[in-house]
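Read the numbers this way: they start at 1 and go in the same order the structure lists the ligands and their atoms. Given the structure is predicted, the values throughout are model-derived calculations rather than measurements. These values consider heavy atoms only, across backbone and side chains, with no hydrogens, waters or symmetry-generated copies.
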Amino acid sequence: MADIIKLLPDHVANQIAAGEVVQRPASVVKELLENAIDAGATTIKLIVKDGGKNLIQVVDNGKGMSVTDARLSFERHATSKIQKAEDLFNLNTKGFRGEALASIAAIAHVELLTKTELDEVGTQLKIEGSKVIAQEVTVTPKGTSMLVKNLFFNIPARRNFLKSNQVELRHITDEFHRVALAHPTIAFHFYNNGSELFNLPIVNFRKRIVQIFGGKANSKLVPVNEETQVLKISGFVNKPEFAKKSRGEQFFFVNDRFIKSPYLHHAVVAAFEGLIKPNTYPGYFLCLEVDPGTIDINIHPTKTEVKFDDEHTLYALLRSTIKHSLGQFSVVPAIDFEQDPNLDTPYSYKNKQAEIPQVTVDASFNPFANEVEKPKSTSNAAGTSFANYTKPSNKGWENLYEGLGTKKDDSAPFTSMEFESEVITGSIFKEEKVEDESVSTTFQLRRKYIVTTIKSGMVVIDQSRAHQRVLYEKFLKNITIQEAVSQQLLFPISLHFSTTDVIILKEIQGQLISIGFAFKIVDKEVVEITGVPLQVAESEVEMVLEQLILDYQMEITGDSFSQTDILAKTLSKTLSVKTGTVLGATSQQALVNDLFACKVPGLSPFNKPTYVTITENDIDKKFI
Ligand code: ADP
Ligand code: MG
């Protein structure tokens with residue numbers, strides 16, 4: 001049989017390699033920024049357009065390349081950074097594989113401008129899909145400009161696979177953050193579609209964190225410093241009270257390289273044990289310096305994972321150092337699970353001071369108390385805890401049922417027609433004449449469930465999930481038909497966010513307006529709120545917006561990416577009546593009616609069941 005194995009031509013091999021190195025525009029950004037850093041640049045400019053799909057440019061003032069090097073740099077395995085295998089274990093540069101430029105040039109249109117200090121003139125090189133199109137002598141300042149256009153132009157499947165420009169931009173911003181944080185001694189500029197997103201002059205690490213995450217970041221930071229023979233740790237952790245429900249500001253840099261390490265992450269979380277609530281994560285910005293000979297960076301295509309020789313020691317050191325730092329900055333005594341009722345408030349509510357009486361639950365409170373009496377007891381000093389519990393439901397909750405709550409005959413607005421039109425509810429309520437029932441057709445169980453009777457038995461409704469469903473559909477409708485009612489604020493509220501947060505707010509401004517928010521972006525970090533949706537209390541605005549931004553960021557990799565959906569979900573989650581809230585008869589009834597008037601009454605927006613039915617039959621069986 002004839003020989004069948006052939007060596008792949010270089011451009012094919014490069015395309016295959018590109019599959020590993022270049023997943024999306026952000027990967028190109030990372031490689032180009034790292035090359036600029038390796039070239040010793042002190043100022044780096046990043047320019048992107050259309051989420052990097054059509055243009056990514058990195059301009060540096062580094063050492064530049066000679067004519068020959070410029071040409072060679074696009075060859076596969078062409079690198080100036082290592083020469084022999086042993087060098088792999090003594091790396092002081094970001095790059096070493098000599099693969100990035102060859103890979104990028106295989107799948108995009110690349111234009112290089114470069115000049116070294118000593119050369120009189122520079123080199124211009126154009127490459128499209130690994131083919132050199134033009135090479136010229138040119139006038140250009142010292143340093144390198146690498147322009148990458150039309151990414152994946154020759155691999156349509158990959159190009160189609162890319163997410164929206166906004167999502168790709170966010171990935172790019174993430175990479176930018178990582179590189180810029182690791183190198184505070186380099187100035188960075190970042191432009192998107194012609195406007196400046198970041199302008200970061202040379203500073204120290206702490207200030208770089210603040211440059212990126214906004215002024216608020218500064219007060220959260222607790223310094224961490226430790227030096228041992230095997231390891232130097234420096235950087236910051238966020239104070240425990242700023243721990244978030246979602247992963248976000250967590251950065252490990254090993255020898256100035258951003259890495260992901262679930263193992264070391266665990267060490268940090270372990271140091272916070274007892275200081276943060278379960279399922280919340282501390283923020284951290286930690287720089288580890290180790291002997292390059294004790295780590296292997298060559299274990300992952302994008303070099304974001306590192307193998308340490310002695311992980312266990314690192315773990316222990318990291319954990320104890322952080323514990324010590326938290327203790328030293330007297331963070332620990334301020335937080336005491338046994339004593340401090342503030343801890344019953346989620347950390348995201350940190351700015352809203354929890355009042356102690358709010359947490360001392362009035363166990364003797366009668367959930368069947370008549371709704372009408374509530375406002376009275378709210379103003380009654382004796383019923384403090386009661387008042388506090390009913391307050392939230394008065395705010396967002398009863399507004400919802402405007403017109404309903406004030407009527408004596410509160411079931412009237414929700415006609416049985418809507419019940420019958422629903423497949424699920426039809427079978428439950430069809431023969432039940434809700435209007436004829438007295439107020440006591442519903443009752444609240446353990447401040448968590450609403451129980452109501454139906455012909456075949458009873459329905460137990462999870463009040464929080466049910467309200468989420470109701471709000472979710474309401475917000476979806478508002479956004480779609482743009483009919484939200486906004487309450488104008490007498491005094492506009494100025495809120496501070498990080499630059500990235502403000503970018504996100506800008507992205508979703510349209511939707512926010514359609515649900516009733518009115519705001520203007522004053523500068524890169526300040527937003528002035530002039531109106532809020534009817535359901536949102538003034539004191540909740542910041543928390544609601546922060547949650548929105550957070551959820552929006554989290555969705556970055558989610559498949560069902562839809563701004564509207566995220567907004568509606570977040571708002572429903574944030575504003576829904578919670579477990580533990582006492583609901584009066586009118587509110588209970590309204591919730592039941594509203595739930596079954598929903599398109600999908602059976603599920604919360606997060607796909608959890610909202611109610612269960614217990615039939616007479618089920619009950620009968622218990623008595624056998
Ligand atoms: P690696 O970074 O792994 O060496 P690359 O493909 O990223 O591989 O780059 C190939 C070579 O091109 C580098 O080793 C370096 O010598 C040169 N090079 C790339 N970018 C720059 C730059 N911005 N300034 C100077 N030299 C560069
Ligand atoms: Mg490189």
Beyond-backbone contact of Asn54 with Asn150, side-chain heavy atoms, under 4.5 angstrom: yes
query: So, for Tyr315 and Tyr263, is the gap between ring centers shorter than 6.0 Å?
result: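 Yes, ring centres under 6.0 Å apart.
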- prompt: What is the ring orientation for Phe252 with Tyr284, classed by angle as parallel under 30°, tilted 30 to 60°, or perpendicular over 60°?
  reply: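 Because their plane-to-plane angle lies in the 30° to 60° range, the rings of Phe252 and Tyr284 count as tilted.
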- request: Just need the protein heavy atom nearest to atom 25 (C) of ligand 1, so name the residue and atom and give the distance.
  value: Ala39 CB, 3.6 Å
- request: Return the minimal non-hydrogen interatomic distance between Tyr281 and Gln250, and the atom names on each side.
  value: CB-NE2, 3.2 Å
query: Would you say ligand 1 has an N or O under 3.5 Å from any N or O of Met146?
result: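 Among all N and O atoms of Met146, none is under 3.5 Å from an N or O of ligand 1.
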- request: Could you tell me if the ring centre of Phe213 sits under 6.0 Å from that of Phe285?
  value: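 Yes, close enough.
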message: Heavy-atom pairs closer than 4.0 Å: do any link ligand 1 to the side chain of Ala41, the backbone, both, or neither?
response: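 For Ala41, no heavy atom sits under 4.0 Å from ligand 1.
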- prompt: Got an N/O contact under 3.5 Å between Gly98 and ligand 1?
  reply: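 It does: an N or O of Gly98 is found under 3.5 Å from an N or O of ligand 1.
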- prompt: Out of Leu101, Asn61, Asp69, who gets a non-hydrogen atom closest to atom 6 (O) of ligand 1?
  reply: Leu101
field: Ring centre gap for Phe198 and His177 strictly below 6.0 Å
entry: yes
message: Any nitrogen or oxygen of Glu31, side chain or backbone, less than 3.5 Å from one on ligand 1?
response: no
query: Under 4.0 angstrom from ligand 1, any heavy atom of Arg97?
result: yes
query: Any idea which part of Ser73 is under 4.0 Å from ligand 1, heavy-atom wise: side chain, backbone, both or neither?
result: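 Looking at Ser73 and ligand 1, atoms from backbone and side chain both fall under 4.0 Å.
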field: Part of Asp60 within contact of ligand 1 (heavy atoms, under 4.0 Å)
entry: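 Side chain only.
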task: Decide whether an N or O pair under 3.5 Å exists between Thr79 and ligand 1.
output: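 Between Thr79 and ligand 1, an N or O pair is found under 3.5 Å apart.
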message: Suppose we only count N/O/S atoms under 2.8 Å; would Thr79 qualify as near the Mg ion (ligand 2)?
response: no
Identity and separation of the nearest protein heavy atom to atom 20 (N) of ligand 1: Asn35 CB, 3.3 Å
message: Between Gln57 and Ser145, does the side chain to side chain donor-acceptor pair (under 3.5 Å) criterion hold? Intermediate values first, please.
response: CA-CA 7 Å; Gln57 186 178 19; Ser145 154; 2.9 Å; yes
- prompt: If you measure from each non-hydrogen atom of Phe96 to ligand 1, which part falls under 4.0 Å: side chain, backbone, both or neither?
  reply: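 It is the backbone that touches ligand 1; the side chain stays farther off.
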N/O separation below 3.5 Å, Met65 to ligand 1: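 By distance alone, the answer is no.
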- prompt: Closest heavy-atom contact between Asn199 and His189?
  reply: OD1-CE1, 3.3 Å
task: Compute the shortest N/O to N/O distance between Thr144 and ligand 1 and return yes if it is under 3.5 Å, no if not.
output: yes
- request: Using distance alone, decide if ligand 1 has a nitrogen or oxygen within less than 3.5 Å of any nitrogen or oxygen in Lys63.
  value: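 Between Lys63 and ligand 1 (N or O atoms, distance only) the closest approach is not under 3.5 Å.
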query: What residue and atom, counting heavy atoms only, is the protein's closest point to atom 2 (O) of ligand 1, and at what distance?
result: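 Checking every protein heavy atom, the shortest distance to atom 2 (O) of ligand 1 gives Lys81 NZ, 2.7 Å.
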Distance filter under 4.0 Å to Ala78 heavy atoms, resulting ligand 1 atoms: 10 (C), 11 (C)
- request: Could you tell me whether Lys216 and Glu542 make a salt bridge, using a distance below 4.0 angstrom between a side-chain N and a carboxylate O?
  value: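 Here Lys216 pairs with Glu542 in a salt bridge, since their nearest N and O are under 4.0 Å apart.
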Side-chain heavy-atom pair Arg170, Ile504 within 4.5 angstrom cut-off: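 The answer is yes; the side chains approach within 4.5 Å.
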field: Test log, rule salt bridge (Lys or Arg N to Asp or Glu O under 4.0 Å), inputs Glu175 and Arg178
entry: CA-CA 5 Å; Glu175 288 297 350; Arg178 294 166 180 177; 3.4 Å; yes
- line: In ligand 1, the atoms that come under 4.0 Å of a heavy atom of Ala100 are 6 (O), 7 (O)
field: Nearest-contact summary for atom 14 (O) of ligand 1 - protein heavy atom, Å
entry: Ser80 N, 3.0 Å
- request: Measure across Ala36 and Ile44 and return the closest heavy-atom pair with its distance rounded to 0.1 Å.
  value: CB-CD1, 3.7 Å
